[in-house]
Amino acid sequence: VLRSRSVDVVVVTCAADAHLLRYFLASYECFWEGGGRLILVTRRSDGYLWDDIRLPARTRLVYREDFPELGPDDFRNQLYLKLVAHQFVNTEYYLLMDSDFLFVAPCPEDAFFVQGKPAWFRGAWDPAATRWRAGSEAFVGDSIDDHYMAESQYVFSRGIAVELCRRYDPRRILEIQGVSEFIVYGWFARHFFPDAYHWIDSYAADVKAIGQRVNQIPPTYHH
């Protein structure tokens, strides 16, 4: 099968997520059929982990210690590192994932694209997502019309991410509470680069997300 592109996969991780990352890495080796690299953003002080966890071939490690602007709030640090991930990818498109993601079947990178464009899901604001609205709107200084974190399927464009960080100082995400990097990016791409994505209404989707969320809330665990 000829692939029209290569896609890097970026995971911002930490030692506390090592038990989850172990399974992500194994599933990545088994099922990911992309042509790009895996990029793990970690700490040099967590280097002992790699003595016990197998890294896929061509994995690149990026270290948090090389970003002196990071602050004491590790959650906000992760948002920032995802927002500036264009600095350490080699592909025009890259996929942002977390340590608790899992591939469960063969997955080509073209599965994230529709009619040659990356798919991005959006929907109406719901109670769960609303907590990210005020902070995200404060970051961009504008009203955000839709919820751009409707599905956990995030393909970024390096060119769009560069322009986003040129217009908005990404370091502000370290200071503002309740910002979603995915809502900010989705809104920005939708309003300034509308033709770059295949936009999908998650409530009347003509295309289904390729992933499923695992429900960890009792009593319906793993539904």
Mind listing the closest non-hydrogen atom pair of [X] and [Y] along with its distance?
X	Y	value
E92	S157	OE2-OG, 2.6 Å
Y148	Y154	O-CE2, 4.4 Å
G123	A150	N-CB, 4.1 Å
H86	C165	CE1-SG, 3.5 Å
A119	V114	CB-CG2, 4.0 Å
R64	T13	NH2-O, 3.0 Å

Residues F113, Y93; criterion ring-ring contact (aromatic ring centres under 6.0 Å, His included); working and verdict = CA-CA 10 Å; F113 292 76; Y93 295 110; 5.2 Å; yes
Any heavy-atom pair between the side chains of [Y] and [X] that's under 4.5 Å?
X	Y	value
L164	V184	yes
C14	T42	no
V89	V10	yes
Q78	D73	no
R37	T59	no
F121	W199	no
P106	W32	no
D145	H191	yes

Any donor-acceptor pair under 3.5 Å linking the side chain of E137 with the backbone of I144?
-> yes
Is a side-chain N or O of E151 found less than 3.5 angstrom from the main chain of A209, in a donor-acceptor match?
-> no
W125: partners by ring pair (Phe, Tyr, Trp, His ring centres under 6.0 Å), with sequence neighbours left out =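 W125 satisfies ring pair (Phe, Tyr, Trp, His ring centres under 6.0 Å) with H147 only.
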Do F112 and I210 pass the side chain to side chain contact (heavy atoms under 4.5 Å, CB included) test, and can you show the C-alpha distance, the side-chain angles, and the key distance before you say yes or no?
-> CA-CA 7 Å; F112 291 89; I210 65 170; 3.2 Å; yes
Mind checking whether [X] and [Y] sit in one hydrophobic cluster, side chains of I, L, V, M, F, W, Y counted as touching below 4.5 Å?
X	Y	answer
V41	L61	no
L25	Y48	yes
L81	L95	no
F67	L40	no
V155	V11	yes

Can you tell me how far apart [atom1] ([X]) and [atom2] ([Y]) are? Round to the nearest 0.5 Å.
X	Y	atom1	atom2	value
E33	C107	CD	SG	7.5 Å
L79	F139	CG	CZ	10.0 Å
D51	L49	CG	CG	8.5 Å
E29	L55	CD	CG	8.5 Å
D17	D46	CG	CG	10.0 Å
I39	R58	CD1	CZ	10.0 Å

L102: which other cluster members, linking ILVMFWY side chains closer than 4.5 Å, directly or transitively?
->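 Its cluster mates, by chain and number, are Y23, V104.
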Taking ILVMFWY side chains as joined if any heavy atoms are under 4.5 angstrom apart, and letting links pass through other members, which residues group with L20?
-> none
Neighbour count >12 (heavy atoms, 6.0 Å) for atom [atom1], [X]:
X	atom1	value
R133	CZ	yes
Q212	CD	no
R54	CZ	no

Can D142 and W187 be said to form a side chain to side chain contact (heavy atoms under 4.5 Å, CB included), step by step?
-> CA-CA 10 Å; D142 204 342; W187 171 86; 3.8 Å; yes
Would you call the rings of [X] and [Y] parallel, tilted or perpendicular, taking 30° and 60° as the class edges?
X	Y	answer
Y185	Y197	perpendicular
F193	F188	tilted
F156	W120	tilted

Residue pair E163, F192: steps toward the side chain to side chain contact (heavy atoms under 4.5 Å, CB included) verdict = CA-CA 10 Å; E163 183 62 16; F192 295 101; over 6 Å; no
Do S27 and F101 pass the side chain to side chain contact (heavy atoms under 4.5 Å, CB included) test, and can you show the C-alpha distance, the side-chain angles, and the key distance before you say yes or no?
-> CA-CA 9 Å; S27 72; F101 281 36; over 6 Å; no
Name the one of R171, R166, R172 that satisfies salt bridge (charged side-chain N to carboxylate O under 4.0 Å, His left out) with D169?
->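 Of the listed residues R171, R166, R172, the salt bridge (charged side-chain N to carboxylate O under 4.0 Å, His left out) partner of D169 is R171.
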With sequence neighbours excluded, what pairs up with E69 under the side-chain hydrogen bond (donor to acceptor under 3.5 Å, both in side chains) test?
-> Y80
Output a table of donor-acceptor pairs, distance under 3.5 Å, between side-chain atoms of residues 173-180 and any protein atom two or more places apart or on a different chain; print 'none' if there are none.
from, atom 1, to, atom 2, distance (Å)
S180, OG, F182, N, 3.3
S180, OG, I183, N, 3.1

Residue pairs, two or more places apart or on separate chains, that pass salt bridge (charged side-chain N to carboxylate O under 4.0 Å, His left out) and touch residues 113-128 | R122-D146
